[in-house]
Amino acid sequence: MLDARFVRDNTDAVRKVMSDRNASWDVEEFIAADEKRRAIIGTVEALQATRNEASRAIGILMKDGKRDEAEAAKGEVRQINEQVAELDETLAQLEAQVRDLLMTAPNIPDSSVPIGAGEDDNVEVRRWGTPRQFDFEAKAHWDLGPEMGIIDFERGVKLTKSRFVVLGRDGARLNRALINFMLDTHGSRGYTEWAVPAMANSETLTGTGQLPKFEEDLFKTSEGLYLIPTAEVQLTNLHRDEVLEGAELPLHYVGYTPCFREEAGSAGRDTRGMIRVHQFDKVEMVKFARPEESFDELEGMVVDAENILQLLGLPYRIIVLCTGDMGFGAAKTYDLEVWLPSYDNFKEISSCSNCVDFQSRRAAIKYRDPETFKGSRLVHTLNGSGLAVGRCLVAVLENYQQADGSVIIPEVLRPYMGGQELISPLA
RNA sequence: GGAGAGUUGGCCGAGUUGGUUGAAGGCGCUCGCCUGCUAAGCGAGUAAGGGGUUUAGAACCCCUUCGAGGGUUCGAAUCCCUCACUCUCCGCCA
């Protein structure tokens, strides 16, 4: 959520930002509604002030036993209340309008973000590793997995529906090994681990920005709860409506959860394999930081995500998303893209964003630091995948496959698989 | 799922015959004093959100908020209704 006062005072800047972002957000409508709203608040509060005073006077009259005078004053107050009730109705409408507008406005990109229309304008920052040259015909995971008996697309459909997958045998173990490896690695670098519910209520989803605008992307239960699309939602909302101590910042959190996405509107994209499915596993990093340090923390978070890929020996590149391609709540986003032979290209495996105060304003996450300022201020929140487990599994299979149909297990994962070095093809 | 008790400021905790109670007291925290340092002690301050004024990184004024929402009333933390959550007992169950 944007700061209403900021929008009010920087209409031109906001207008430009919205166009940079390809967002159709009506600045004029907001300004008009907000102005009306504030005017009504003024009159309502003036009326309330006189009413409060009159009420107090009645109390004194009653105490003094001046019944008649008190009764006369009551009528006057009743009239004021009628006026207030009437104004309150229009005020409620205006407040709803202003809130809805504010809730659907995307975040303002940081000045360092490249301006661009879409994904073609994203800028590559750096690369690591060299994509392997295969001296045999490399297989895509959607062929390799079923042949090895470790990915079962058909039974995923049978059990649930399309875009759900089953992992079997060493595929299931590899998945679990990846999760534990990622959690342990981040844990050893100072991230506190959490295990959180896979379902969340609407306040939680509103706090991180999925609601109200993106409800169609979420699975909803009959009780009005939602399946989480990412652990970011839960890890960030851990501190909703809390005031953190400045001395304990920055906080570095990590958690593993399954993630659920409707993928409404992505029909036809990445339909083969398990790149885009309704349920996938992900290890997520979340940080709470002071405003002045949040962009440094973002760089650090990218390094922590990279570290996983480097330890796994998977080639990747890093890009900065341009204004037109950034997510709703982000002020700046780096994507990590891993090399996938089946795509003959890099594919997103992590997205690390600094949301600055966009989420903390919605979720009321603040911090105090008496040495530096009075009262409390909004913290900055950051989140990043560390990493998407399913896509990582795919990357391992495809990049480490051998001519005989087996797959070498990266060394760092072997301790998590009982020392096993190889996933063998089905006999 | 059934019965009962509860939900007050950063924390603990008073306040239920409705009326200067946004709320006693304590802890914590901030500033000052005192002591050779620390501790103890003394004094002062210390909620959030919103609107407005101004010599505007600060100050002042007003409104709202005592789990949430609604109702009664001139006036509600205090009375009534609905919901959520917590605790205790019972039932059920990984």
Side-chain angles (χ1 to χ4, degrees), chain A residues 1-10 30-103 195 197-207 221 223-226 237-249 251 288 290-292 357 360-379:
Chain A
M1 185 165 69
L2 301 179
D3 181 5
R5 201 160 303 164
F6 177 86
V7 178
R8 209 183 289 161
D9 297 341
N10 300 276
F30 172 82
I31 296 293
D34 184 57
E35 221 161 275
K36 265 193 244 169
R37 171 185 148 261
R38 277 151 52 222
I40 292 182
I41 286 175
T43 42
V44 166
E45 291 190 349
L47 285 170
Q48 286 173 326
T50 55
R51 181 199 61 190
N52 290 346
E53 206 169 318
S55 266
R56 217 167 293 148
I58 290 173
I60 293 167
L61 287 172
M62 296 291 273
K63 206 173 277 177
D64 294 348
K66 297 174 181 166
R67 282 277 157 100
D68 299 343
E69 286 178 55
E71 285 304 322
K74 283 187 187 180
E76 199 182 312
V77 177
R78 236 177 251 131
Q79 266 191 336
I80 296 175
N81 276 335
E82 275 166 34
Q83 288 182 63
V84 170
E86 213 168 294
L87 286 170
D88 268 345
E89 242 171 82
T90 36
L91 182 59
Q93 284 173 14
L94 286 166
E95 301 226 284
Q97 188 187 359
V98 166
R99 197 190 53 240
D100 288 353
L101 282 167
L102 236 32
M103 287 306 236
M199 288 198 257
N201 59 35
S202 61
E203 289 76 23
T204 299
L205 274 315
T206 304
T221 74
E223 292 195 353
L225 295 172
Y226 299 85
N237 277 282
L238 282 175
H239 293 304
R240 187 171 83 233
D241 296 320
E242 289 184 16
V243 182
L244 306 170
E245 292 299 333
E248 63 191 17
L249 295 176
L251 294 173
F288 300 85
R290 287 190 187 78
E292 60 271 22
D357 59 6
S360 58
R361 184 173 293 108
R362 291 172 162 248
I365 310 170
K366 305 181 185 175
Y367 75 108
R368 67 177 137 244
D369 198 354
E371 316 250 307
T372 323
F373 57 85
K374 277 180 75 172
S376 56
R377 291 184 184 171
L378 296 171
V379 292

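What you see below is based on every heavy atom in this structure, not just the backbone, and it leaves out hydrogens, waters and symmetry mates. Below, chains carry the letters A, B, ... as their sequence lines are ordered, and counting in each starts from 1.
The distance between atom CG of A:Leu94 and atom P of B:G50, rounded to the nearest whole Å, is 17 Å. Atom P of nucleotide B:C62 and atom CD of A:Glu53 are separated by 10 Å, given to the nearest angstrom. In this structure, A:Asp241 atom CG and B:C11 atom P are separated by 12 Å, rounded to whole Å. Taking atom CD on A:Glu223 and atom C1' on B:C85, their separation rounds to 15 Å, with Å as the unit. For the pair A:Asp369 CG and B:U30 P, the computed distance is 11 Å after rounding to whole Å. For A:Glu242 and B:G9, the CD to P distance is 14 Å, given to the nearest whole Å. Between A:Asp34 atom CG and B:G50 atom P there is a gap of 12 Å when expressed in whole angstrom units. In this structure, A:Arg368 atom CZ and B:A47 atom C1' are separated by 10 Å, rounded to whole Å.
If you take CG on A:Leu251 and CG on A:Leu244, they are separated by 6.0 Å, rounding to the nearest 0.5 Å. How far CG of A:Asp241 is from NE2 of A:His239: 12.5 Å, rounded to the nearest 0.5 Å. Note that CZ of A:Arg240 is 9.5 Å distant from CD of A:Glu242, once rounded to the nearest 0.5 Å. Between the CD1 atom of A:Ile365 and the CG atom of A:Asp357 there is a distance of 11.0 Å, given to the nearest 0.5 Å.
The nearest pair of heavy atoms linking A:Val98 to A:Phe30 is CG1-CE1, 3.7 Å. In terms of heavy atoms, A:Val243 sits closest to A:Ser376 at CG1-CB, 4.2 Å.
Of the possible polar contacts, one joining the A:Arg290 side chain to the A:Gly246 backbone as a donor-acceptor pair under 3.5 Å is found. Remark: side-chain polar atoms of A:Ser360 are paired, donor with acceptor, to backbone N or O of A:Val379 under 3.5 angstrom. Remark: side-chain polar atoms of A:Arg37 are not paired, donor with acceptor, to backbone N or O of A:Leu94 under 3.5 angstrom. Under the 3.5 Å distance criterion, the side-chain polar atoms of A:Arg362 are matched with a main-chain donor or acceptor of A:Met103.
Annotation: proximity of residues 37-49 of chain A to RNA chain B (heavy atom, distance under 4.0 Å) is found for A:Arg37, A:Arg38, A:Ile41, A:Glu45, A:Gln48, A:Ala49, numbered in ascending order. Using a 4.0 Å cutoff on non-hydrogen atoms, the parts of residues 68-85 of chain A near RNA chain B are A:Lys74, A:Val77, A:Arg78, A:Asn81, ordered by number.
The phosphate of B:G51 (OP1 or OP2) has a side-chain N or O of A:Arg8 nearer than 4.0 angstrom. Between B:C74 and A:Asn52, no contact under 4.0 Å exists linking OP1 or OP2 to a side-chain N or O. Of the side-chain N and O atoms in A:Arg51, none sit less than 4.0 angstrom from OP1 or OP2 of B:C63.
Rounded to the nearest Å, the gap between the C1' atom of B:U72 and that of B:G10 is 35 Å. The separation of B:G9 from B:C29, taken at their C1' atoms, amounts to 14 Å, rounded to a whole angstrom. Only the P atoms considered, B:C27 is 16 Å distant from B:A39, to the nearest whole Å. With both ends at atom C1', the span from B:A14 to B:A77 equals 12 Å, rounded to whole Å. Taking atom C1' on both B:G13 and B:G6, the two are 14 Å apart, rounded to the nearest angstrom. When the P atom is compared between B:C85 and B:A68, the two are found 15 Å apart, to the nearest whole Å. Straight-line distance between the P atoms of B:G19 and B:U78: roughly 11 Å, to the nearest whole Å. On the C1' atoms, B:A76 is 12 Å away from B:G71, given to the nearest whole Å.
Nucleotide B:A94 is matched to nothing when pairs are restricted to Watson-Crick or G-U wobble geometry with both distances under 3.5 angstrom. Nucleotide B:C37 is matched to nothing when pairs are restricted to Watson-Crick or G-U wobble geometry with both distances under 3.5 angstrom. With a 3.5 Å ceiling on both atom-pair distances, B:A56 lacks any Watson-Crick or G-U wobble partner. Under the Watson-Crick or G-U wobble criterion, with both distances below 3.5 Å, B:A47 is paired with B:U65. Using Watson-Crick or G-U wobble geometry with both donor-acceptor distances under 3.5 Å, B:A84 finds its partner in B:U7. Nucleotide B:A77 is matched to nothing when pairs are restricted to Watson-Crick or G-U wobble geometry with both distances under 3.5 angstrom.
The residue among A:Ala54 and A:Lys366 whose nearest nucleotide of RNA chain B is located toward the 5' end is A:Lys366. If you find the closest nucleotide of RNA chain B to A:Arg377 and to A:Val243, the one lying nearer the 5' end belongs to A:Val243.
Note on A:Arg361: nothing from the nucleic acid sits closer than 4.0 angstrom, heavy atoms only.
Salt-bridge check for A:Lys74 with A:Glu71: passed, with a basic side-chain N closer than 4.0 Å to an acidic carboxylate O.
With hydrogens and angles left out, the side-chain atoms of A:Thr204 and A:Asn201 include a donor and acceptor closer than 3.5 Å.
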